Amino acid sequence: MVKAIFFDVLGTIVDWNRGLSGGFDRAFAKSGKDIAASTLATAWYRTYRARLASSAGAIQAQEHLAESLAQVLADADLEAPAGSREQELLLACWQRFPAWPDSVPGLRALRREYVIASCTDLPTAPMTWLAKHAGLPWDLVLGSDLLDGRAHDGSLFLKAAATLDLLPSEVMYASAHNADLAAARAVGLKTAFFARPKEFGPEQRNDLAPRDSWDIVAFDLLDLARYMESAVY
């Protein structure tokens, strides 16, 4: 029986695209530059996540964040108008992403019966400040730095389950990303999918639908809460 539900956060619980796009708009508001904020946001997100995925050993997330921003600004020829103040503003956005409208009420509903925790490849500190800003009612914030595991090979999920003295079969992983769920299922967790079709803006092509027969396929977090109120897993 499921006793805890772990969640992916970026894209699944919070809208990083809107948060970063707004940050780029504010950072360049006085520069006179005509920027494509959503394109820059997506480029930064993908560059950053690629750097994290390829890291060996301890993950220096903040270092990767700054380096990936510098790369995106250079590629867009925006290094000159983006001074230290503008870059600090942009880096701070990662702790202030807005939650999707259903996220907080859905999490509150699930928390009445289950332990709920964020469980991602990102460190504890930014995930904690992000939760504070967005009002995410986690019971726990399980960062990759504390668990010393990765999502892609399932080690992150196994160590998170062990932290709560739970078997993998007693944990469900919820994500808007099929790859996350495949890794969670491979190590014995239950799985729940709901799409976030606007995560990458109007050009999104991936994760618009489930790619496998996950344990639950919901419409959003509130729908997942309705499933879990009466289901036995």
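Fair warning: this is a prediction, and the values are worked out from it, not measured in the lab.
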Please step through side chain to side chain contact (heavy atoms under 4.5 Å, CB included) for the pair N178 and N206, ending with a clear verdict.
CA-CA 9 Å; N178 285 279; N206 296 322; over 6 Å; no
**Request:** Show the numbers, then the answer: is there a side chain to side chain contact (heavy atoms under 4.5 Å, CB included) between L40 and L78?
**Result:** CA-CA 10 Å; L40 290 170; L78 291 172; 3.8 Å; yes
Residues passing the salt bridge (Lys or Arg N to Asp or Glu O under 4.0 Å) test with D223, sequence neighbours excluded, are R226
Quick check on the hydrophobic clustering: are Y227 and M172 connected, directly or via other members, by side-chain heavy-atom contacts under 4.5 Å? yes
Let me have the donor-acceptor pairs involving side chains of residues 122-130, under 3.5 Å, with sequence neighbours excluded, atom names and distances please.
unit_1	atom_1	unit_2	atom_2	d
T124	OG1	D145	OD1	2.9
T128	OG1	T124	O	2.8

Treat each ILVMFWY residue as a node, draw an edge where side-chain heavy atoms are under 4.5 Å apart, and state whether L189 and L224 are in one component.
-> no
Across all chains, not counting sequence neighbours, the side-chain hydrogen bond (donor to acceptor under 3.5 Å, both in side chains) partners of Q71 are R51
For residues 13-24, the salt bridge (Lys or Arg N to Asp or Glu O under 4.0 Å) pairs (sequence neighbours left out) are D15-R18
Heavy-atom closest pair (R26 atom, C93 atom, distance to 0.1 Å) is NH2-SG, 3.9 Å
Side chain to side chain contact (heavy atoms under 4.5 Å, CB included) with V9: of T120, D121, V141, only one passes, and it is T120
Ring pair (Phe, Tyr, Trp, His ring centres under 6.0 Å) with Y173: of F193, F157, W214, F6, only one passes, and it is F157
TODO: Would you please classify the geometry between the W94 ring and the Y45 ring as parallel, tilted or perpendicular, with 30° and 60° separating the classes?
DONE: parallel
message: Test side chain to side chain contact (heavy atoms under 4.5 Å, CB included) on L91 and L65; report intermediate values, then the result.
response: CA-CA 7 Å; L91 289 169; L65 197 59; 3.7 Å; yes
So CG of L69 and CH2 of W44: to nearest 0.5 Å the spacing works out to 4.5 Å
- Query: Between the side chain of S103 and the main-chain N/O of I13, is any donor-acceptor distance below 3.5 Å?
  - Reply: yes
Please tabulate, one pair per line, all N/O donor-acceptor pairs under 3.5 Å involving side-chain atoms of residues 131-140, not counting sequence neighbours.
unit_1	atom_1	unit_2	atom_2	d
H133	NE2	R96	O	3.3
D139	OD1	R111	NE	2.7
D139	OD1	R111	NH2	3.0
D139	OD2	I116	N	2.9

Shortest non-hydrogen pair, W16 vs L10, comes out as CD1-C, 3.8 Å
T12 meets the side-chain hydrogen bond (donor to acceptor under 3.5 Å, both in side chains) criterion, sequence neighbours left out, with D8
Distance col, row L208:CG vs E199:CD, nearest 0.5 angstrom, shows 10.0 Å
Note: L142 and A160 closest approach over all heavy atoms is CD1-CB, 3.7 Å
So OG of S155 and CG of D148: to nearest 0.5 Å the spacing works out to 8.0 Å
Interatomic distance, NE2@H177 vs CZ@R211, rounded to 0.5 Å, equals 11.0 Å
Sorted by chain and residue number, the side-chain contact (heavy atoms from CB on, under 4.5 Å) partners of P101 (sequence neighbours excluded) come out as none
Applying salt bridge (Lys or Arg N to Asp or Glu O under 4.0 Å) to R205 and not counting sequence neighbours gives E203
Heavy-atom nearest pair, Q204 first then D207, reads NE2-O, 4.3 Å
Here the gap from F7 atom CZ to C119 atom SG, rounded to the nearest 0.5 Å, amounts to 11.0 Å
Rounded to the nearest 0.5 angstrom, the CG-CD1 distance for D25 and I35 is 5.0 Å
Residues at least two apart in sequence or cross-chain that pass salt bridge (Lys or Arg N to Asp or Glu O under 4.0 Å) with D102, listed by chain then number, are R196
Those residues at least two apart in sequence (or on a different chain) that pass side-chain contact (heavy atoms from CB on, under 4.5 Å) with E88 are none
Closest non-hydrogen contact found for V2 with Y114 is O-CE2, 3.3 Å
Connected to F219, directly or through other members, by ILVMFWY side-chain contacts below 4.5 Å are none
Minimal heavy-atom distance between G201 and N17, with the atoms involved, is N-ND2, 3.8 Å
So salt bridge (Lys or Arg N to Asp or Glu O under 4.0 Å) across residues 157-174, not counting sequence neighbours, yields K3-E170
